[in-house]
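The chains referred to below are lettered A, B, ... by the order of the sequence lines, with proteins before strands, and numbering in each begins at 1.
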There are 2 protein chains.
Amino acid sequence: MKHVTIKDVAKRLNVSISSVSRAFNDKYDIKKETKELILKTAEEMGYFPNPIAKKLSQNKTFNIGVVVPEFINEYYSEIIIGIQEVFMGHGYQVLITQSDENPEIELKNVKTLIHSMVDGLIIAPTMESTNMEYYLKELNNGCPIIFMSRVKENLQASKVLFNNKKWAFFATEHLIRQGYSKIYYLAGSKNLNVSVDRIDGFKRAMSKHKIPKERYKILETGLLAEDGMQIMEDLIYNHDLPDAIFCFNDRVAMGVISILKSNAIKVPQDIALMGFTETRMVNLMTPRLSSVKQPTFEMGKSAAELLHKQIHNSLMEPQTIVLNGELTIRESSVRN
Amino acid sequence: MKHVTIKDVAKRLNVSISSVSRAFNDKYDIKKETKELILKTAEEMGYFPNPIAKKLSQNKTFNIGVVVPEFINEYYSEIIIGIQEVFMGHGYQVLITQSDENPEIELKNVKTLIHSMVDGLIIAPTMESTNMEYYLKELNNGCPIIFMSRVKENLQASKVLFNNKKWAFFATEHLIRQGYSKIYYLAGSKNLNVSVDRIDGFKRAMSKHKIPKERYKILETGLLAEDGMQIMEDLIYNHDLPDAIFCFNDRVAMGVISILKSNAIKVPQDIALMGFTETRMVNLMTPRLSSVKQPTFEMGKSAAELLHKQIHNSLMEPQTIVLNGELTIRESSVRN
DNA sequence: TTTGTTTCCGAAAACGTTTCCGAATAATTA
DNA sequence: TAATTATTCGGAAACGTTTTCGGAAACAAA
């Protein structure tokens with residue numbers, strides 16, 4: 001199965017290969033009729049420009065690389081869809097890799113992508129790790145990189161962030177305003193700076209509403225439903241139950257709710273519940289779960305647009321985009 | 001930021017570029033010491049072979065394309081991870097595209113991937129559509145393609161399938177053996193051949209156990225939780241309630257269960273429930289949902305390995321791999 | 001010493017484009 | 001009419017590799 005090349009088309013029409021190239025690249029210095037003739041016969045012959053050769057001669061790959069911790073959950077999947085939407089529109093291919101929350105795999109992925117000559121990178125790091133130095137070095141070597149989601153605000157690079165402090169504050173304040181005051185926060189992992197930010201928001205709400213330290217707790221958990229189940233079982237075992245529980249994410253909340261149910265503890269009558277990073281499961285739980293919706297598609301789109309700008313204007317200085325969310329109140333956090 | 005090229009390395013050491021190339025490609029006709037010297041200085045100079053140029057000269061891209069209907073749900077995400085595991089080990093990049101269950105986008109994705117010269121394709125079609133003709137044409141043009149999941153068994157091409165008939169049969173038979181006999185099957189979409197297969201399995205279980213046609217129903221639904229909610233509301237409204245419900249997938253089951261709960265219908269005391277294509281949510285539902293687990297990672301791996309073989313042996317004749325699942329019984333389908 | 005084999009290496013073609021440069025023709029201006 | 005400018009095109013270099021071919025050097029065998 002030989003591919004038709006530019007030479008075949010040129011020979012067929014007795015024109016030069018440069019003319020065929022011009023026809024395909026919307027160049028000004030070609031007559032309209034010849035251009036059309038070339039395009040028509042090329043079409044007939046089943047010719048299309050070999051993208052590899054194009055990349056080599058233009059020193060661009062039209063590939064951009066994406067590194068995420070995982071895409072089993074909706075969160076990064078939706079972000080990726082946002083990224084693809086933007087870049088496919090610009091004729092780029094998006095190469096997706098996932099690091100399985102493992103910094104070593106993450107580093108390997110980034111290296112692979114850079115070695116395959118991507119024109120730019122979007123990275124959602126697993127955690128703040130030593131990898132960051134390497135990434136920043138690559139950034140200075142001329143490979144545009146956008147950081148996403150799990151990264152500190154003061155990092156000297158372009159990034160797209162969610163305002164975790166603010167929305168953790170709002171979510172907590174909602175619980176307080178509903179009359180709950182003994183509130184436990186299941187805080188994810190303290191290595192995650194998003195986690196730290198949400199703790200900050202949680203604390204600020206507490207201090208604003210003058211709730212004494214003895215009334216609330218911040219408990220480190222994992223990111224999975226199983227982690228929520230585990231910690232909830234411990235709390236029940238120790239007879240250490242609050243009014244309300246604010247969870248690092250919906251999965252943890254889901255774990256909590258399942259343990260509460262099997263212990264006949266009612267939500268929200270006995271304990272209110274609030275999630276974060278809203279997933280589609282919120283409406284399927286009974287009671288339906290209050291949560292904070294993050295603008296995943298928009299985050300993907302913003303990161304992609306930022307990167308696209310940066311690719312076409314390499315001297316642009318770093319920009320930070322902070323996006324807002326949406327607090328959706330459902331049955332799980334409403335006093336009857 | 002100029003990239004270091006093979007020429008720079010050659011010049012530095014006063015050797016020819018062919019020697020440098022040989023050093024990097026494990027060729028036999030180069031002295032061991034020169035090879036090591038070349039590799040060492042290349043490393044120092046920060047040189048690595050430009051993959052684009054390599055691709056051009058070898059007429060291979062070392063890219064393989066994947067087209068799935070979506071990856072918001074775990075199912076295809078896990079399959080993709082399986083595919084990546086195999087191909088990254090072989091030094092290939094996996095390009096992932098998703099068609100959003102839209103045959104037109106699917107076709108566009110396939111064309112994009114073929115135009116970007118992938119060495120092979122793995123396609124999970126949205127439905128049996130007219131696109132199949134195009135794909136088979138491309139297959140005959142020499143681009144190896146593996147079909148996955150939603151495709152007919154008699155298709156003349158390599159494919160990796162799940163044995164839907166068999167496991168729908170087992171799942172149904174389990175319900176019957178538990179003593180349920182008025183069973184409704186929420187059957188997904190009849191345009192999906194997996195759906196047709198599962199209906200077949202369902203019916204075979206019914207006829208094996210001599211359950212008369214008046215006792216069971218097959219109801220067409222969608223694939224989403226909302227579809228399960230919708231149809232369950234209708235059934236309740238019409239006072240048309242069975243002993244047990246077998247759902248096309250866990251999401252539909254999740255929708256059903258939420259409506260049952262809000263109508264105070266108990267699972268499994270009043271109505272038993274069985275899902276399919278097990279998701280991680282099964283253990284988080286109360287009661288925990290019985291379901292059929294599909295070997296997603298293995299499906300991905302099998303497809304990838306099959307494609308890899310096909311790429312290296314283009315004359316191989318089409319192969320069909322049919323994988324088995326696992327029926328996991330939990331509380332939702334067990335008579336107390 | 002001659003011949004034949006290995007072993008190692010360089011020159012150059014090939015992969016399929018884009019793009020720069022210059023030339024031929026046509027159109028415009030002086 | 002001559003000179004200038006636009007328009008359109010072909011030739012060839014460049015992009016960075018791999019690979020084929022042939023030749024030199026080194027070594028063994030005759």
Using a 4.0 Å heavy-atom cut-off across all strands, classify A/S18 as base, sugar-phosphate, or nothing. base
Upstream residue (5' side of DNA chain C) when A/K7 and A/S21 are each assigned their closest nucleotide: A/K7
For the pair made of [atom1] in [X] and [atom2] in [N], what is the distance, rounded to whole Å?
| X | N | atom1 | atom2 | result |
| --- | --- | --- | --- | --- |
| B/R22 | C/dA12 | CZ | P | 15 Å |
| A/K54 | D/dG16 | NZ | P | 18 Å |
| B/Q58 | C/dA14 | CD | P | 18 Å |
| B/N14 | C/dC8 | CG | C1' | 17 Å |
| B/I38 | C/dG10 | CD1 | P | 8 Å |
| A/F24 | C/dT18 | CZ | C1' | 14 Å |
| B/L56 | D/dT19 | CG | P | 12 Å |
| B/N50 | D/dA14 | CG | P | 17 Å |

Here the residues of residues 26-34 of chain B within 4.0 Å heavy-atom distance, strictly under, of DNA chain C are B/D29, B/I30, B/K31, B/T34
Compute the angle between the rotation axes at the two ends of the helix from C/dT1-D/dA30 to C/dA30-D/dT1, each taken over five pairs, rounded to 10 degrees. 50°
Considering all heavy atoms of both residues, which atom of A/S77 and which atom of B/F71 are nearest to each other, and what is their separation? OG-O, 3.2 Å
Correct closest heavy-atom pair for A/I30 and A/S19 would be CD1-O, 3.5 Å
B/L121 and B/I64, any side-chain heavy atoms less than 4.5 Å apart: no
Between [X] (side chain) and [Y] (backbone), is there a donor-acceptor pair under 3.5 Å?
| X | Y | value |
| --- | --- | --- |
| A/D8 | A/T5 | yes |
| B/T296 | B/E78 | no |
| B/D100 | B/N102 | no |

Does B/K60 qualify as a cation-pi partner of B/F62, given the criterion of NZ or CZ under 6.0 Å from the six-membered ring centre and within 45 degrees of its axis? yes
Does a nitrogen or oxygen in the side chain of A/S16 sit under 4.0 Å from OP1 or OP2 of D/dG10? yes
Do any side-chain nitrogens or oxygens of A/S19 fall under 4.0 Å of OP1 or OP2 in D/dG10? yes
Around atom NZ of A/K40, are there more than 12 heavy atoms from other residues, nucleotides or ligands closer than 6.0 Å? no
Which nucleotide, D/dT20, D/dC9, D/dT18, lies nearest any side-chain atom of B/I6? D/dT18
The nucleotide from D/dG10, C/dT17, D/dG16 with an atom nearest the side chain of A/N59 is D/dG16
Please verify the inter-ring angle class for A/H308 with A/Y92; under 30° counts as parallel, over 60° as perpendicular, anything in between as tilted. perpendicular
